[in-house]
Amino acid sequence: MLLFCQFLEHKGPYFPPEYQPLPDNVHFYYDGKKVKLSLAAEEVALFFAQMLDHEYTTKKVFRENFFKDWRKEMTQEERLLIKDLDKCDFGEMHAMHTAKVEARRNMSKEEKQALKEANQKIVDEYGYCLLDHHKERIGNFKIEPPGLFRGRGEHPKQGMLKKRIQPEDVIINCSKESKIPVPPAGYHWKEVRHDNTVTWLASWTENIQGSIKYIMLNANSKLKGEKDWEKYEVARKLKSCVDGIRNQYLLDLKSKEMGVRQRAVALYFIDKLALRAGNEKEEGETADTVGCCSLRVEHITLHEQLEGSECVVEFDFLGKDSIRYYNKVPVIKKVFKNLKLFMENKQPGDDLFDRLSTSLLNKHLSSLMPGLTAKVFRTYNASITLQQQLKELTNQSDSVAEKLLSYNRANRAVAILCNHQRAPPKTFEQSMANLQVKVCVLVERKKAAVKRCEEQLLKMEVQATDREENKQIALGTSKLNYLDPRISVAWCKNMEVPIEKIYNKTQRDKFAWAIDMTEADFEF
DNA sequence: TGCTTGACTTAGCATTGATATT
DNA sequence: AATATCAATGCTAAGTCAAGCA
């Protein structure tokens, strides 16, 4: 058992303020008649009223879940009266909320400053802890406020009431010798324990899925930094043995044992496409999403020939966060043949890998290399791709702007590999057009000062290219979680690009360990 | 062995805040 | 000074994976 810390002391979590009843001039109406709701029912009604601008309040599942949970919060009398959500009029409540948002936006400088200072006070009081006698920032020191659960994708529990957490729900973890956090006046903690084998400071069980939520340290803490470093060291170790592992799974494709062949094909996908492991999920509890091991027959289509390539596998499935994975990939013949076999006599809804699970796969992987799991391949492939792309795309003689475009292109290659997507920014088309206009206007107007302008023009064009290429791609996730920061630090040193151009403040904080220790000759 | 639970990382979207533009 | 724009930060849902249990 690993001893994480000798001494942990903190103030306990920050609780969001209690619900304040509606002012007298704001009413709820049912079937055209004014109804004064009980405090509990009113609070939940307001959650719904606040979301009315969102499309999902029109969704059947959302509305049904909300109404069912709302009725649970009503008094008997209210329940008897309020039986149809369609007859509920939240108009005044919604208007009040909109007005509040507006008022907040129109606050004076002084009011905004006062608010900021009040928030900072909360951070100062609750945002830090003492770990092994060093002051460390806590990542999420606030208890999650109540509201309506949304979830991602077609979540069967969307609209359910996420309940308010009381101190009685919260377990505190701190050192025996430390000062015990004092619960809010009139309350007590569910439990105070002294477990130095875990890293969380407080926890509670959330009522939607029944899962545990934790209060933990910020990514810039020593503890998280060391863990992060370890993660990349494991990925680097994979680099030294990946050839052997690849040869092994290519051989396994011919195994007499069906389970071994399935494992080999799954590993081929995880390695080549950076798919996630794909644990089984409880049906009906979450949105229907899959990863590698949980792929179903309906998620792939085999093409003997497609667009000039042979043995093409067409993937189409919803992955983590219900993000669609769509890809057409030529594969080697042995993989193709195996896939055909795995799909024989199966229904679309059947598991593609019926003899394989993530635990089986990971057990196999850890026998090949200590610490090796499916997700290490994602880290390894992401980092090695960045390094190789940087080498390929950048020249010492490029301008800083060009170098940055190259860096972002390398970063983008990784994001595409890992399928990190985002919704195109809402104002994308417009802002893109504006940028193009600016490029034109700039050329028009500044012909006289061509030389100075050309630099600016180039920079803007580079920016335009960058943004166009970035339309659907989220770079942050790979930068923060998959790319060994030392690759980027070394690149900056070599290319004489300031580190601030690549990493913002948060990222520099998180990767302080790498910025400090990395030399220009670092090799992943 | 398979299933459940707990602890932790990864992830996209919403909000905030800094900067550029009008 | 007001407004538009976009990057940074905050939030918390949704994954991964190992350990404990039946």
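Naming convention: chains lettered A, B, ... in sequence-line order (proteins, then strands); numbering from 1 in each chain. Only this structure's heavy atoms are used, side chains among them; waters, hydrogens and symmetry mates stay out. In this text the structure is predicted, and so the values were computed from the model without any measurement.
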- Ring centroid separation for A:Trp70 and A:Phe90, is it under 6.0 angstrom? yes

- Query: Any side-chain N or O of A:Tyr482 less than 4.0 Å from the OP1 or OP2 oxygen of B:dA11?
  - Reply: yes

- Item | A:Lys237 NZ: over 12 foreign heavy atoms closer than 6.0 Å | yes

- Query: Got a donor-acceptor contact below 3.5 angstrom from the A:Lys157 side chain to the A:Gly151 backbone?
  - Reply: no

- Message: Does A:Arg276 reach a base, just sugar-phosphate, or nothing at all? Heavy atoms under 4.0 Å.
- Response: sugar-phosphate

- Task: Respond yes when some side-chain nitrogen or oxygen of A:Thr477 is under 4.0 Å from OP1 or OP2 of B:dT10, and no when none is.
- Result: no

- Are A:His54 and A:Phe62 near enough that their ring centres are under 6.0 Å apart? no

- Item | Whole angstrom value for the distance that separates P of B:dA7 from CG of A:Asn173 | 9 Å

- Query: Can the ring centres of A:Phe141 and A:His10 be said to be less than 6.0 Å apart?
  - Reply: no

- Query: So what does A:Gly278 touch, heavy atoms closer than 4.0 Å: a base, only the sugar-phosphate, or nothing?
  - Reply: sugar-phosphate

- Task: Ignoring the backbone of A:Lys213, work out which of B:dA7, C:dA13, B:dA11 is nearest its side chain.
- Result: C:dA13

- Task: Could you check whether A:Asn279 gets within reach of a base, just the sugar-phosphate, or nothing at all, counting any heavy atom under 4.0 Å?
- Result: base

- Task: Between C:dC17, C:dC11, B:dA11, spot the one nearest the side chain of A:Lys142, thanks.
- Result: C:dC11

- Item | Under 3.5 Å donor-acceptor, A:His194 side chain and A:Cys174 backbone | yes

- Task: Among the candidates B:dT10, B:dC8, C:dT12, find the nucleotide nearest to the side-chain atoms of A:Met216.
- Result: B:dC8

- Classify the side-chain pair A:Lys281/A:Ser294 by whether it contains a donor and acceptor separated by less than 3.5 Å. no

- Listed nucleotide nearest any side-chain atom of A:Lys375, set C:dG15, C:dT16, B:dA7: C:dT16

- Within this structure, what is the CG-to-C1' distance between A:Asn218 and C:dA8, rounded to whole angstrom? 14 Å

- Query: Separation of A:Glu230 atom CD from C:dA18 atom P, in whole Å?
  - Reply: 14 Å

- Task: Would you tell me if any nitrogen or oxygen in the side chain of A:Gln209 comes within less than 4.0 Å of OP1 or OP2 on C:dA14?
- Result: yes

- Query: Which one, C:dC17, B:dT10, B:dA11, comes nearest to the side chain of A:Ala277?
  - Reply: C:dC17

- Figure out the CG/P separation between A:Leu360 and B:dC3, and round it to whole Å. 12 Å

- Message: I want to verify a distance call: between C:dG15, B:dA7, C:dT16, whose nearest atom is closest to the A:Ile212 side chain?
- Response: B:dA7

- Query: Roughly, in whole Å, what's the span from CG in A:Asn419 to P in C:dA14?
  - Reply: 17 Å

- Message: In whole Å, I'd like the distance from the CG atom of A:Leu361 to the P atom of C:dT16.
- Response: 11 Å

- Task: Please tell me which of the listed nucleotides, B:dT10, C:dC17, C:dA8, lies nearest to the side chain of A:Asn504?
- Result: C:dA8

- Query: Between A:Lys162 and C:dA13, is there a side-chain N or O to OP1/OP2 distance below 4.0 Å?
  - Reply: yes

- May I ask you to evaluate whether A:Arg105 reaches the phosphate of B:dT16, defined as a side-chain N or O under 4.0 Å from OP1 or OP2? no

- Sugar-phosphate only, base, or nothing, as touched by A:Glu206 at under 4.0 Å among non-hydrogen atoms: nothing

- Specify the separation, in whole Å, of atom CD of A:Glu144 and atom P of C:dG10. 15 Å

- So what does A:Ala287 touch, heavy atoms closer than 4.0 Å: a base, only the sugar-phosphate, or nothing? nothing

- Message: Within the supplied structure, the quantity of interest is the number of heavy atoms (other residues, nucleotides, ligands) at a distance under 6.0 Å from A:Glu102 CD; does it exceed 12?
- Response: yes

- Query: NA contact type, A:Ile208, heavy-atom cut-off 4.0 Å: base, sugar-phosphate, or nothing?
  - Reply: nothing

- Message: Quick check for you: among B:dC8, B:dA11, C:dA18, whose closest atom lies nearest to any side-chain atom of A:Val198?
- Response: B:dC8

- Query: From the list B:dC8, B:dT16, B:dT10, which nucleotide is the closest neighbour of the side chain of A:Asn481?
  - Reply: B:dT10

- Message: Between A:Ile323 and A:Ser203, which residue's closest nucleotide on DNA chain B lies nearer the 5′ terminus?
- Response: A:Ser203

- Message: Which nucleotide wins on minimum distance to the side chain of A:Thr199, given the candidates B:dA14, C:dA13, B:dC8?
- Response: B:dC8

- Query: What integer distance in Å separates A:Lys227:NZ from C:dC17:C1'?
  - Reply: 11 Å

- Contact under 4.0 Å: A:Lys320 side-chain N or O vs B:dG12 OP1/OP2: no

- Task: Please check the phosphate of C:dA7 (OP1 and OP2 only) for any side-chain N or O of A:Lys505 closer than 4.0 Å.
- Result: no

- Select from A:Lys510 and A:His54 the residue whose nearest nucleotide in DNA chain B is closer to the 5' end of that strand. A:Lys510

- Query: Counting just side-chain N and O atoms, does A:His155 come under 4.0 Å of either OP1 or OP2 of C:dA14?
  - Reply: yes

- Message: Categorize A:Gly476 for me: base, sugar-phosphate, or nothing, with a 4.0 angstrom heavy-atom threshold over every strand shown.
- Response: nothing

- With heavy atoms under 4.0 Å as the rule, sort A:Arg378 into base, sugar-phosphate or nothing. sugar-phosphate

- If only side-chain N and O atoms of A:Lys224 are considered, is one of them under 4.0 Å from the OP1 or OP2 phosphate oxygen of B:dT9? yes

- Message: For a quick check of understanding: with a heavy-atom distance under 4.0 Å over all strands, which category does A:Thr289 fall into, base, sugar-phosphate or nothing?
- Response: sugar-phosphate

- Base, sugar-phosphate, or nothing for A:Lys112, non-hydrogen atoms under 4.0 angstrom? nothing

